[in-house]
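In what follows, chains carry the letters A, B, and so on, assigned in the order in which the sequence lines appear, proteins first and then strands, with residues in each chain numbered from 1.
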Amino acid sequence: MRDAPAPAVPSLPRGGTDWADRAVTAAVWSVALLFTGVFLWIVGDLVRHGLPHLSWGFLTDAPMDAGRAGGIAPILVSTFLIVGVCLAVSLPLGVGTAVFLAEFSRGESLPARLVRGSLDVLAGVPSIVFGLFGNALFSLYLGMGFSILSGGLTLACMVLPILIRSTEEGLRAVPDDYRKAAAALGLSRTATLWRILLPAATPGLVVGLVLGIGRALSETAALLFTSGYVARMPGSLLDSGRSLTVHIYDLAMNVPGGEANAYATAVVLVTLLLVINMLTFQIADRWLHRRITRT
Amino acid sequence: MRRRAVTLSNLPALMGLAFAAACSPGTEGAGSGDGTLEGRITITGSSTVAPLMGEVARRFEAEHPGVRVDVQTGGTSRGIADVRRRVAQIGMISRGLRPEEEDLDAVAVALDGITLIVHRDNHVATLSHDQVVDIFTGRVRRWDTVGGREAEITVVSKADGRATLELFLDHFGLRRDEIHPSLVIGDNQHGIRSVAGDPAAIAYVSIGTAAFESSQGRAIRMLPLDGVEPTLAAVQSGEFPASRPLNLVTFGDRSPPVQAFLSFAASERVQDLVEAQYFVPAPR
């Protein structure tokens, strides 16, 4: 069979295909180039305007004169805390829900359909709506006020759909043979999940995590109403803290002469995103490796 | 496994405890025995006033280490709503109080005026009161009608709820639905960018912001309003027709730290901060 000649390709209609092919190739290439061009333009613009104002002091000083002078140290700390709270809440919830959806419920059961339906709706809700919701629930009803905690929890609600969906996809991509083999070896369900399925689903989880962190770091609208505007070094999670994006928004839109520092802050934010993405993939690689060699 | 389940079930209770402990300092302020002030003040409202209040708050905290002042933003209407709901102790509003807001007490901290701006390359030297009204209501649609080049006018107006919009409507005796803008914007900076990028645009923005941006070489030009040149001095003397007070408002009784902050924010000790934010100190 392997040596048999390849089955005859049905003859394509000749004439006209040549230039059509070329046109499609040209179109695909120019779209790709256009996209790269836009990316380079954005990064180039950021670096050109922002880099001259960046210095070590910019990262370690508090903002002065409404952000026109000084640095962004308290804002960096607030941002890390907000994203930290968001992940601490959304990771366990997200992985738990994904495990429920992929491993503990049959595809079309009512609870699974319910959860999946709510996730799809949540994933499409604009962030400003999450902001209003977070403000009403966490800040006012639960009395957390404008705080890093309410900001982080609001972001967690926002990030959950992404996290759950990609972790679930990761779990579904694990071949059923693994589950059958584990069952044949008499492994408990927990052990199978913990030692085999979750490590094997790590790529999905990591993609969700990176997208989630990205969305959390770049969120502005939801945070204006929840974690607030205070640019002081936060003393606890119940203090209001300004995120990098809110700082950029305020400097660019509200403070005359704040543009230079807005650009510099944007450079920091973009660099942060890139570094976090790379670190997450690297850590996941190492973890996956260790996990599999040990088991 | 069992032990883990127990710890997890305790988590909410633990978080609650941590919460209560962290909340205990209290959000309302009070004077302690030796006359030093303690507490936390939350200020919300106008995004125009917020950067100024952030600076004032920092200086106030330096003088009163026991008081924390949190400045939030969201617009004048939000400031009023939050003060009434007692979510905030002080609201920032970038206009005067209206008759239906007499339940609030206001303290003026600075003045701001609105001015008309056009692109630097626009040669129209001045517009009369009626011409401005005609342009913003769409009766005049081309610059050549009012002595400019041949181009369609891009009318830039502010979004609903912005105090600058209300001040503009008030000054020109217009209603909100009479304005037919080509572009609706939010903040002053946004307005300045829109005009700097469009030689046929006209907008109204805060005078301090416009003065600063044009001194920085931004491609905009300020037009006189009813014949009065738009300068900060004209605003302070009261000669400039479209100016607005920037107020701090409170609802009901003021706690000692709030009272202290209000007097501080209206005093000469923050005059340099007011000027640094391109506002005009309120007459005292």
Can you say whether A:A252 sits under 4.5 Å from chain B via the side chain, the backbone, both, or neither, judging by heavy atoms?
-> both
Contact leader toward chain A among B:L273, B:V69, B:I192, where contacts are heavy-atom pairs under 4.5 Å | B:V69
B:E55 side chain vs A:D65 backbone, donor-acceptor pair below 3.5 Å = yes
Count the heavy-atom pairs under 4.5 Å between each of B:V71, B:L52, B:V87, B:T209 and chain A, then report the option with the highest count.
-> B:V71
Examine A:R189 relative to A:F104 and say whether NZ or CZ is less than 6.0 Å from the centre of the six-membered ring and inside a 45° cone about the ring axis.
-> yes
Just by distance, with hydrogens left out, do B:S94 and B:T76 show a side-chain donor and acceptor under 3.5 Å apart?
-> yes
Verdict with supporting geometry, A:R179 and A:E103, salt bridge (charged side-chain N to carboxylate O under 4.0 Å, His left out) | CA-CA 10 Å; A:R179 297 182 183 88; A:E103 303 297 329; 2.7 Å; yes
Select one option (side chain, backbone, both, neither) describing which atoms of B:R58 are under 4.5 Å from chain A's heavy atoms.
-> side chain
Top of A:P63, A:S139, A:P92, A:G235 for chain B proximity - count of heavy-atom pairs under 4.5 angstrom | A:P63
Salt-bridge contact B:R193-B:D198 (side-chain N to carboxylate O under 4.0 Å) = no
Under 4.5 Å from any heavy atom of chain A - which part of B:E61 = side chain
So, A:S240 and B:D70: side-chain donor and acceptor under 3.5 Å apart, yes or no?
-> no
Contacting moiety of A:R242, where chain B heavy atoms sit under 4.5 Å | neither
Chain B: which of A:L224, A:L237, A:D239 shares the most heavy-atom pairs with it under 4.5 Å?
-> A:D239
Could you tell me which portion of B:A57 (side chain, backbone, both or neither) has an atom closer than 4.5 angstrom to a non-hydrogen atom of chain A?
-> neither
Part of B:Q72 within contact of chain A (heavy atom distance under 4.5 Å) = both
In terms of heavy-atom proximity below 4.5 Å to chain A, should B:T44 be classed as side chain, backbone, both, or neither?
-> side chain
Looking only at side chains, do A:Y263 and A:D45 share a donor and an acceptor under 3.5 Å apart?
-> yes
Would you mind checking which part of A:L140 comes under 4.5 Å of any heavy atom in chain B, side chain (CB onward), backbone (N, CA, C, O), both or neither?
-> side chain
Do side-chain atoms of A:N261 reach the backbone of A:G67 as a donor and acceptor pair under 3.5 angstrom?
-> yes
